[in-house]
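Here the structure is laid out as C-alpha cells; the discussion comes afterwards.
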Amino acid sequence: MSKTHSRQQLETLAIHAGQPAEPVTGAITPPVFMTSTYVQDGPGGHKGYEYSRTHNPTRQALEANIAALEGGQFGVAFASGCAATTTILHTLSAGDHVVAGDDLYGGTYRIFERVMKQLGISVSYVDPMRPAAFGEAMRPNTKLVWVETPTNPLLKLCDIAEVAKLCHAAKLPLFVDNTFMSPVLQRPLELGATAVVHSTTKYINGHADVVGGVVVTSDVALHERLRFLQNAIGAVPGPLDCFLVMRGAKTLPLRMGRHCENGQAMAEWLQAQVGHGLIERVIYPGLPSHPQYELARRQMHGPGGMISFVVADGRLPALERAVKILRQVKLIACAESLGGVESLIEHPASMTHASIPVDKRAELGISDGLIRLSVGIEHIDDLREDLAQAFASAE
Ligand SMILES: *Cc1c(COP(=O)(O)O)cnc(C)c1O
C-alpha cells in the first residue's frame with residue numbers, strides 16, 4: 001500500500017492508506033487490537049509487538065493513514081492534541097527558546113506559559129501575519145518555531161512558505177498546527193514545514209466522540225525522537241480511539257467539501273448583515289474582506305468551516321447580546337470544540353480562551369462581542385434559520 005501513496009489522491013488515501021487487509025482473517029477494516037501485551041515464544045521471541053504503550057497495530061494503522069494524508073513519512077499518535085504538543089516540547093531542554101504566533105489555541109498557550117515556563121523554556125509571541133517577525137524574534141537559544149494558521153479564534157493567516165524559508169536559513173524546525181484546515185485544505189509539509197500537528201479531536205475524527213492528537217513529519221531524526229518520547233512519556237491513544245479516528249478520516253475529504261460550502265454560504269449571509277445593527281464584523285478567509293484573502297487562496301485549498309464574527313454594542317452591551325445569542329440557538333449547540341459534523345457556537349472570551357489573561361485577550365482582539373462558529377455539515381437553510389431566530393432575541 002505505502003509504495004503507491006504518492007500517486008494516489010486524498011480521497012483514496014483516506015480510505016486505504018495504512019490499512020492493508022488483516023493478515024490472519026482478511027478483515028478489510030483494521031481490527032481494534034484491545035490488548036496491553038503480546039505473547040512471546042520465549043524471552044525476546046516476539047513478533048515486533050511487546051507492549052501496547054510501545055506498539056499497537058490499530059495505532060500504527062492510524063499513524064500511517066494520517067501521515068499519508070499530510071504527505072509525510074511518519075505519523076506519531078497521541079492521546080490528545082495537547083499530549084502531542086507537550087511531547088513535542090519535550091524535545092527541548094531548560095534554557096531553550098521558542099518563537100510562536102501570538103494568536104494560539106488557548107490550551108497551547110497554557111502549555112507554553114504554565115507548564116514549559118516552569119521547566120525553563122521561554123516563548124516569544126509574534127504577529128503571525130508578518131513572517132519577518134518570526135526571524136526578528138529568533139535568538140541564539142531558539143530551538144523551535146510554532147505556527148497555527150488560520151489562528152484561533154481570529155482566523156489570522158500565517159504564510160507558511162515564508163516562515164519555512166526563515167526557519168531553514170536558521171536551521172530551526174517549523175511546527176504547524178494544522179487542526180483548523182485538516183490535510184484536505186492545507187498541507188504544510190509541502191510548503192516547507194518540518195512537522196504538522198493535529199488535534200484529531202476536530203476535523204480528522206469529525207464526529208465529536210474522541211479526543212486525540214497526531215504529529216506527522218518526514219524528518220527521520222525528529223521522528224525517532226518523537227517515537228522515543230511517545231513511549232517514554234506515554235501519552236498514547238487507546239486502540240478504540242485510534243479505530244474511531246481512522247473511521248472518521250475515511251470521509252474527511254467529503255466532509256471538508258461540505259464544511260467549506262456551508263462556511264462560505266454562512267459567512268456571506270453574515271457579511272450581508274454587517275452595518276445593520278447587530279453584526280459589526282465577519283472574519284472568514286473565504287470573504288474578499290479578509291485582509292489576507294489572497295494568501296488564503298494561495299495557501300489553502302478551501303476556506304474551511306470556521307467563522308468568527310463580532311457583535312456590536314446596541315441597547316444592550318455586546319457581551320450580553322453575545323450571551324443571548326448563545327442561549328437562544330436551538331439546532332446549533334453552544335459548546336467548546338470544533339470541526340465535527342454538527343455545528344457548534346462558542347464565546348471565546350468566556351469559554352475556550354478564558355485561560356488567557358483579560359489584558360492579553362484585549363491586546364489580541366478577543367473582544368467580549370466575539371463569537372466563533374464551527375459550521376457543520378447540516379443543511380445550510382436550517383443553520384441560517386436557527387441563527388436568524390437567535391439574532392432576533394438579541395436585537
Ligand atoms: C483543540 C485544539 C488543540 C488541542 O487539542 P486537544 O485534542 O483538545 O488536546 C490544539 N490546537 C488547536 C488548533 C485546537 O483546536
Side-chain angles (χ1 to χ4, degrees), residues 59 62 66 70 75-90 98 100-116 123 125 128 146-158 160 175-186 188 193 195-216 230 233-238 241-242 244-245 248-249 252 256 259 263 283 285 300 304-308 335-340 344-348 351-356 364 366 372-376:
R59 193 175 84 211
L62 168 66
I66 308 302
E70 283 289 0
V76 188
F78 294 95
S80 68
C82 284
T85 301
T86 303
T87 304
I88 289 166
L89 296 175
H90 276 82
V98 174
D102 68 9
D103 186 30
L104 290 176
Y105 174 71
T108 302
Y109 179 79
R110 186 170 54 199
I111 295 171
F112 282 143
E113 288 300 301
R114 298 183 54 192
V115 182
M116 290 300 147
V123 185
Y125 301 96
W146 187 279
V147 156
E148 243 180 69
T149 179
T151 65
N152 174 17
L154 296 170
L155 305 174
K156 295 180 194 168
L157 306 187
C158 178
I160 297 170
F175 287 78
V176 177
D177 182 335
N178 202 25
T179 301
F180 267 40
M181 289 278 93
S182 91
V184 175
L185 300 183
Q186 183 168 272
V196 175
V197 189
H198 278 285
S199 166
T200 53
T201 312
K202 318 294 168 53
Y203 286 106
I204 290 181
N205 179 59
H207 293 72
D209 49 14
V210 174
V211 171
V214 71
V215 184
V216 176
Q230 179 194 39
I233 295 172
V236 293
D241 284 0
C242 293
L244 287 168
V245 175
L252 180 65
M256 292 319 294
H259 282 298
I283 312 168
M300 295 147 57
M306 299 303 298
I307 303 173
S308 289
E336 298 197 4
S337 198
L338 60 106
L344 303 179
I345 194 164
E346 71 110 3
H347 183 242
M351 296 170 69
T352 49
H353 290 64
S355 60
I356 298 178
L364 290 172
I366 303 174
R372 189 188 78 181
L373 184 60
S374 171
V375 184

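Every number for a ligand or one of its atoms is a count from 1 in the order of the listing. Along the sequence shown, residues carry numbers from 1.
- For Cys82, a nitrogen or oxygen atom sits less than 3.5 Å from a nitrogen or oxygen atom of ligand 1, counting backbone and side chain alike.
- In this structure, the side chain of Ser80 does not engage the main chain of Val211 through any donor-acceptor pair within 3.5 Å.
- For atom 15 (O) of ligand 1, the nearest non-hydrogen atom of the protein is Lys202 NZ, 2.7 Å.
- Put simply, SG on Cys82 and CD1 on Ile111 are 4.0 Å apart, with the number rounded to the nearest 0.5 Å.
- Rounding to the nearest 0.5 Å gives a distance of 9.5 Å between CG of Asn205 and OG of Ser199.
- In Thr85, neither the side chain nor the backbone holds a heavy atom less than 4.0 Å from any atom of ligand 1.
- Note: Trp146 and Phe112 have perpendicular aromatic rings, judged against thresholds of 30 and 60 degrees for the angle between ring planes.
- The protein atom (non-hydrogen) at minimum distance from atom 6 (P) of ligand 1 is Gly81 N, 3.3 Å.
- Here the protein heavy atom with the shortest distance to atom 8 (O) of ligand 1 is Tyr105 OH, 3.7 Å.
- Considering every non-hydrogen atom in both Val245 and Thr200, the closest pair reads CG1-CB, 3.9 Å.
- Annotation: Thr201 places an N or O atom under 3.5 Å from an N or O atom of ligand 1; distance criterion only.
- Residue Val211 has no N or O atom closer than 3.5 Å to an N or O atom of ligand 1.
- Numbered from 1 in the order shown, with element, the atoms of ligand 1 that lie under 4.0 Å from a heavy atom of Ser199 read 1 (C), 2 (C), 3 (C), 4 (C), 5 (O), 6 (P), 7 (O).
- Heavy-atom minimum distance, Thr201 versus Ser337: CG2-OG, 4.3 Å.
- The closest donor-acceptor contact from the side chain of Glu336 to the backbone of Glu346 lies at 3.5 Å or more, if one exists at all.
- With Thr151 as the fixed residue, the side-chain hydrogen bond (donor to acceptor under 3.5 Å, both in side chains) test singles out one of Asp177, Asp103, Asp102: Asp103.
- Using a 4.0 angstrom heavy-atom cutoff, Gly212 counts as in contact with ligand 1.
- Ligand-side atoms of ligand 1 in range of Leu338: 15 (O), range being under 4.0 angstrom from any heavy atom.
- Every atom of ligand 1 is numbered from 1 in the order shown, and the set under 4.0 Å from a heavy atom of Asp177 is 10 (C), 11 (N), 12 (C), 13 (C).
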